[in-house]
Each structure stands twice: as C-alpha cells, then as structure tokens.
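Below is one structure, written out as structure tokens; comments come after it.
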Amino acid sequence: MSLKKIFLYLSFTFLSGIGVAQIDVGGKQINIVYGANFTKDEAQYPGASIFSKDEKQVQFEHQGADLWCDIAIFYQKENKLRAIGNIRLQQGDSVQMTSGKIDYDGNIKLAKAWESVVLQNKDMTLKTDTLFFDREKQESFYNHYGTIVDSANTLTSRIGRYFMIPKKYQFLDRVHVENPEYTIDSEQLDYYQTSKNAYMYGPSTILGETYKIYCERGFYDTKIEQGYGIKNTRIDYNNRIIEGDSVYFDKTTEFASATNNIKVTDTINKGIIRAHYAEVFKAKDSVFATKRAVSISLVEKDSLYMHGDTLMITGKPEQRILRAFRNAKFYKTDLSGKCDSIHFNQKTGVTQLITRPVIWNGENQMTGDSIHLLSNLETEKLDSLKVLNNAFIISLDSISKTGYNQAKGKDLFGKFIENELQIIHLIKNTEVIYYMYNDKNELIGIDKTICSAIEMTLDKNEIETITFITNPDGDVFPETELPENSRKLKGFIWRGDERIYTKDAIFDDDDNNIVLPVIRGIENPIDIDAEEQERSKNEGDPVNGIPKANAQAARPNETKGASKKTQP
C-alpha cells in the first residue's frame, strides 16, 4: 500500500473510530459518527471510502437523521452514500426505516431503500421491497406494491406515497384496505392517518357486513363507517339498491340518503323509486322520497307508475306499504288516475285512492268518494275495483263526440280479467244515460233509465252491454225530444282535461322545473382534511382545529351528500 493510502486509512480510522464528525461545509455534508473499519477499493468503487462494522455498526448523521449499517460505501466528494446490511435510518423520534440496502444523496436528501424495507412511526408501519424517502419534502413513495398497517386498517397498493407532515397516504393502482368490519378496493385512495378518513378517486368498492358501496369519487370515515359518493354511486343496503349523483351512508344510525337523479330498487319486490331526494331508514325498513318522486312496479308485463309530492314505503319485504302524499297520480297503459293521496298495502293487495279520486279506464272516467283497486295476492294481477259512495262513470260518446254516456249509483264494483276491466256492477239508486246507435252508426235515441242495480260488460275498455236489474224505469228518447240540460245526470263533472295519457304526464310543471343542487366535488377535489388544514393555517388554529360540521356550514350552497334525516 502507498504512503498516501496508508495516511488516508489511518486518518479515517482515527476520526471515525473516536466518533469525530467530518467537516460540514454549508451544512449539507454527510457526517461520519462511527466508521469502525476503513478500506478503499478503487477498482470497484473509485473515489469511495469503505467502512465496515466491528463490535458496533457503522454510523452516519445528516441534518437530523442518523443511519446505522454493517457496510458503508461513502463518496465524500459527491456527498453520497451506499449502506449495506441491517440498516436502520432514524429521523428524530418520529420516523425509523430499516432495510437491506440504501442509496442516500445528501445534496437532495433523497434515500432509496430496498430489500425488506420497513418504515415506521408511532402509529403506522409501511412495508415494501423498494422505498424512496425524500427528506427534503418529507415524503416517501414506492412503485411496486407496499403494505401499510395502522391502528385501524391494513392498506395495500401497487403505488403509494406517504406525506409525513399531514400524515397522509396516497395510494394508486389495486388499492385494498382490510379491516375486521369492512374492506375497500379502489383505483386511487387518499388516506389520513390521524382522522382515518379515506378519499376515493376512480372505481371504488366498500364492502361491509350489511352493505356494499360503489362509487367513482367519494369520502369514507373508516372509524365510524360513514361516508358518501358523488360520482356513479351505488349502495346495496337492506334488500335495496340506492343510486344517485350523491349518496350518503351512516352505519351507526342505519341511515342512507341520496340527492339528484336517484334510483332506489327493491331487490325482493322488483319495485323502483326515482326521485331527486330520498332517505332510507334500515331499522324502520322505510324509504322516503320527494322531488319528482315516482314508484315503478310491474303489473303483468306493464309498468305501473305512481307519483306524489312525497312517497313513503314502509314495512318488511312482502308486507310493504306505499303512500303517495299530495297531488298523487298513477299511470299504466290502460289505467290511470289521480287524487290527493294513495295508500297501497302489499299484504292485502289493496290500493286506496283518497280525497277527490278519479280513474280512467280507456275512455271511461270513474269517480266517487273513495276508490279501491284490489290485486290478486297470488298472481299479483289486478283483480277488482271498488268505487264507494257517489259512484259515477262517464265516457264521451265515441260517435257524436258531443254527448256523454253516464251511469251512477251509490257504489260501483268492477272485475278485471287478465288485467282488463270487463264487468261493472252499479248498485243502489242507479241511473243511466246512454246513446244508442244502429249498425250504420245512426243514432236511435238516448236511453235514460233508473233502477236498483245495473250490470255492464266492457270489451277493450268500451261499454258493450248494459243490463238493468230490478224494476227499471225509463225510456229511449229521440235526440230532439231530450233537452240538453236533461242529458247530464246530477253530479256530472267531466274531468277529461285532467286525464293522464303517458307516464310523463303524472308530473306537473313544478316537478319538471326543479333546480337541482350542485354536487360539490365532482369536478374538483373533495379532500376536506386538506381544506381544514389549510384553513387552520390561515386562521392560526391547530391543524385539526375546525370541526367538520363548521367546515360544511361554511359551504351552505353546495351539496356533498344528503345527510339530513326526516323521520317518517
């Protein structure tokens, strides 16, 4: 060995062995704390000093961080270091990293660690094969799978980044969160270690014991299993599927709600509710919906649409009760109607139309104080019809288009055959006005009769025959002999201008002109934790100084996810 090499060897051995640091010019130099054994290998590591452990490991220090290893290859001039074997990197009391190898650049304070890397602080452990640790930005990141374990969750992903100052993780590609109570799978997920809040970007699924949530942008509080989705969101919850622009969920209160373009599907009864605001209460097995709310159910291959300003469904499966309040309407291809409110009991198969009801069956208008539609519980087809008190049936004369065929009585009972109304019985103080024609569609006369009861048969929703039962009293009058004011029975009210011809006609102008709230965060980030931290800095408060309730109150005109509960 040359005299120069011997001198260098003795110098490094002396300085490092007694623990004296190297001279640090400008404060950026990596310092030797303990060098133990020193050597050089210019052929393999030109310009590097090689240190290896004796009874103690080699130790270096750099700007608040200490590194221990078995072997160190130190490029003093370049201010770079490669550490090998049983490595421990300690940054203050907060961060410790272990690995098999590390490359460290003291100029930019960047470490690359590989071989069984473990990064730890007081609250979490990160494991991966290769980890980059940027001490300047206080960030660490991996790009080939990693696992993070904290007090609540185990999180894995292909790509991950840890921001140490806000204690925030950003996971990309095949993100999976494992918890005894739930799992989360996502394409991108931001997670805060302190609050345990997760923010999901891209297709994401949360699977709990009693629920499943899918969204492409959303928030989830992993501590209490509460959150919301604001893009293509769906919740499978208590035999119902809830979809909407913004959907909120709370496991503790067993409550979910949705805002804008909502669809609630009853997976057992195959019924659907559409609206722009809805609430689901699991404990009460109920759904509340408003803002262009409509219930859609299948009746013998024909959809029945039911609307009201407010819809409410309660009861267990097979025992559902549906109520439509205020301005209630319904429509199916050959039957429609309206009233103030509708009450449907699945257990009895009875649909009640309450307060000023009217229904149209083909061209026939039927009114009364109360109207009941009865379904067959086995076939779920329409079975019968009851019009109770002041029953009145009217149809515009199909030939003249000026007169009205009419029949009235105290009560009306109808029979459906294959979902088509074919038989009608009117009882007690019945009266009829009927326009009669011959085979050439020439008017024979106008039949005006009273009797105790009437039976009518219908074919394709048009009156085919009328049978007078028990003491009929009347006559057929030539058109010229029956004055106009005698051609309408007492109580006649024609409501043809109110008739519902399509499923869209069940909605009024108010329903069609609803201004939907703007769902906050669809186009912009929804990271409330970051917002609160920034606001706390600006206002001089602690990092988590502003409660979420206050943060939301500061944005009253924006909707994150419906959360206000309206008890049914």
Side-chain angles (χ1 to χ4, degrees), residues 334-339 353 356-373 384-416 420-501:
D334 56 357
L335 189 68
S336 62
K338 62 185 297 186
C339 57
L353 280 62
R356 204 168 178 263
V358 56
I359 63 173
W360 292 274
N361 177 242
E363 298 299 321
N364 302 306
Q365 170 189 297
M366 285 173 270
T367 58
D369 292 353
S370 179
I371 298 178
H372 295 178
L373 291 165
S384 53
L385 164 72
K386 294 181 181 180
V387 181
L388 305 176
N389 294 322
N390 299 309
F392 210 130
I393 178 169
I394 307 171
S395 64
L396 180 67
D397 178 30
S398 60
I399 297 176
S400 71
K401 300 296 183 182
T402 57
Y404 295 90
N405 295 314
Q406 305 155 57
K408 62 178 291 190
K410 182 179 181 296
D411 299 319
L412 180 152
F413 301 96
K415 180 67 176 177
F416 290 90
E420 182 179 324
L421 185 61
Q422 294 190 11
I423 301 172
I424 290 177
H425 290 277
L426 272 165
I427 62 171
K428 297 182 181 179
N429 303 320
T430 60
E431 301 179 58
V432 169
I433 290 179
Y434 187 71
Y435 287 70
M436 302 180 65
Y437 292 87
N438 60 22
D439 293 339
K440 297 181 180 181
N441 288 335
E442 296 172 339
L443 183 62
I444 299 172
I446 302 172
D447 187 345
K448 189 172 184 180
T449 302
I450 62 173
C451 64
S452 298
I454 299 171
E455 180 181 287
M456 307 168 65
T457 61
L458 289 79
D459 182 33
K460 297 180 180 178
N461 299 320
E462 293 188 1
I463 297 173
E464 185 176 51
T465 65
I466 299 178
T467 303
F468 300 102
I469 303 171
T470 314
N471 302 322
D473 182 13
D475 204 348
V476 177
F477 297 89
E479 183 179 18
T480 56
E481 294 183 13
L482 190 64
E484 287 288 339
N485 59 6
S486 297
R487 297 182 187 182
K488 293 179 180 178
L489 298 174
K490 185 178 180 181
F492 176 95
I493 300 176
W494 178 243
R495 300 173 63 179
D497 57 340
E498 302 176 46
R499 182 177 170 185
I500 302 166
Y501 289 92

Check your understanding: How far does CG of Leu353 sit from CG of Leu388, to the nearest 0.5 angstrom?
Key -> 11.5 Å

Review point. What pair of heavy atoms forms the shortest contact from Leu421 to Ile424, and how long is it?
Key: CD2-CD1, 4.0 Å

Practice item. Answer yes or no: is there a side-chain heavy-atom contact under 4.5 Å between Ile359 and Leu385? Key: yes

Practice item. Assess whether side chain to side chain contact (heavy atoms under 4.5 Å, CB included) is satisfied between Ser395 and Asn364, documenting all intermediate values. Key: CA-CA 5 Å; Ser395 64; Asn364 302 306; 3.3 Å; yes

Practice item. Hey, could you give me the NZ/CD1 distance between Lys488 and Ile433, rounded to the nearest 0.5 Å? Key: 10.0 Å

Practice item. Calculate, to the nearest 0.5 Å, the distance between atoms CD1 and OG1 belonging to Ile427 and Thr470 respectively. Key: 11.5 Å

**Study point:** Check: Lys408 side chain, Gly491 main-chain N or O, donor-acceptor pair, under 3.5 Å
**Key:** no

Exercise for review: Check whether more than 12 heavy atoms from other residues, nucleotides or ligands sit under 6.0 Å from atom CG of Asn429, and answer yes or no.
Suggested key: no

Exercise for review: Return yes when atom CD1 of Ile493 has more than 12 non-hydrogen atoms of other residues, nucleotides or ligands closer than 6.0 Å, and no otherwise.
Suggested key: no

Point to revise | Lys410 and Asn389: side chain donor to acceptor below 3.5 Å | key: yes

Review point. If you look at every heavy atom in Trp494 and Leu396, which pair is closest and at what distance?
Key: CH2-N, 4.1 Å

Exercise for review: Ignoring hydrogens and angles, tell me if any N or O in the side chain of Arg487 forms a donor-acceptor pair with the backbone of Tyr404 under 3.5 Å.
Suggested key: no

Check your understanding: Between the main-chain N or O of Tyr435 and the side-chain N or O of Asn405, is there a donor-acceptor pair closer than 3.5 Å?
Key -> yes

**Study point:** For Phe468, the option from Thr430, Asp473, Asp447, Ile450 that meets side chain to side chain contact (heavy atoms under 4.5 Å, CB included)
**Key:** Asp447

Practice item. Mind checking the OG-OH spacing from Ser336 to Tyr501? Nearest 0.5 Å is all I need. Key: 8.5 Å

Review point. Looking at Pro357 and Cys339, what are the two nearest heavy atoms and their distance?
Key: CA-CB, 3.7 Å

Point to revise | Full working for side chain to side chain contact (heavy atoms under 4.5 Å, CB included) between Leu373 and Leu335 | key: CA-CA 11 Å; Leu373 291 165; Leu335 189 68; 4.1 Å; yes

Study note, to complete from the structure: Between Glu420 and Asp459 the two heavy atoms that sit nearest each other are OE2-C, 4.2 Å

Study note, to complete from the structure: All heavy atoms of Gln365 vs all of Arg495, minimum pair found to be OE1-N, 2.8 Å

**Study point:** Side-chain heavy-atom pair Leu426, Val432 within 4.5 angstrom cut-off
**Key:** no

Review point. Counting N and O atoms only, with roles assigned by atom type, does the side chain of Lys338 sit under 3.5 Å from a partner on the main chain of Ile500, one being a donor and the other an acceptor?
Key: no

Review point. Between CG of Leu489 and CD1 of Ile393, what distance do you get to the nearest 0.5 Å?
Key: 12.0 Å

Revision key, fill the gap. Rounded to the nearest 0.5 angstrom, the OG-CD distance for Ser398 and Glu363 is 8.5 Å

Exercise for review: Give the C-alpha distance, both sets of side-chain angles, the deciding distance and a yes or no for side chain to side chain contact (heavy atoms under 4.5 Å, CB included) between Tyr437 and Asp397.
Suggested key: CA-CA 11 Å; Tyr437 292 87; Asp397 178 30; 2.4 Å; yes

Point to revise | Minimum heavy-atom distance Met456-Ala407, with the two atoms named | key: SD-CB, 4.2 Å

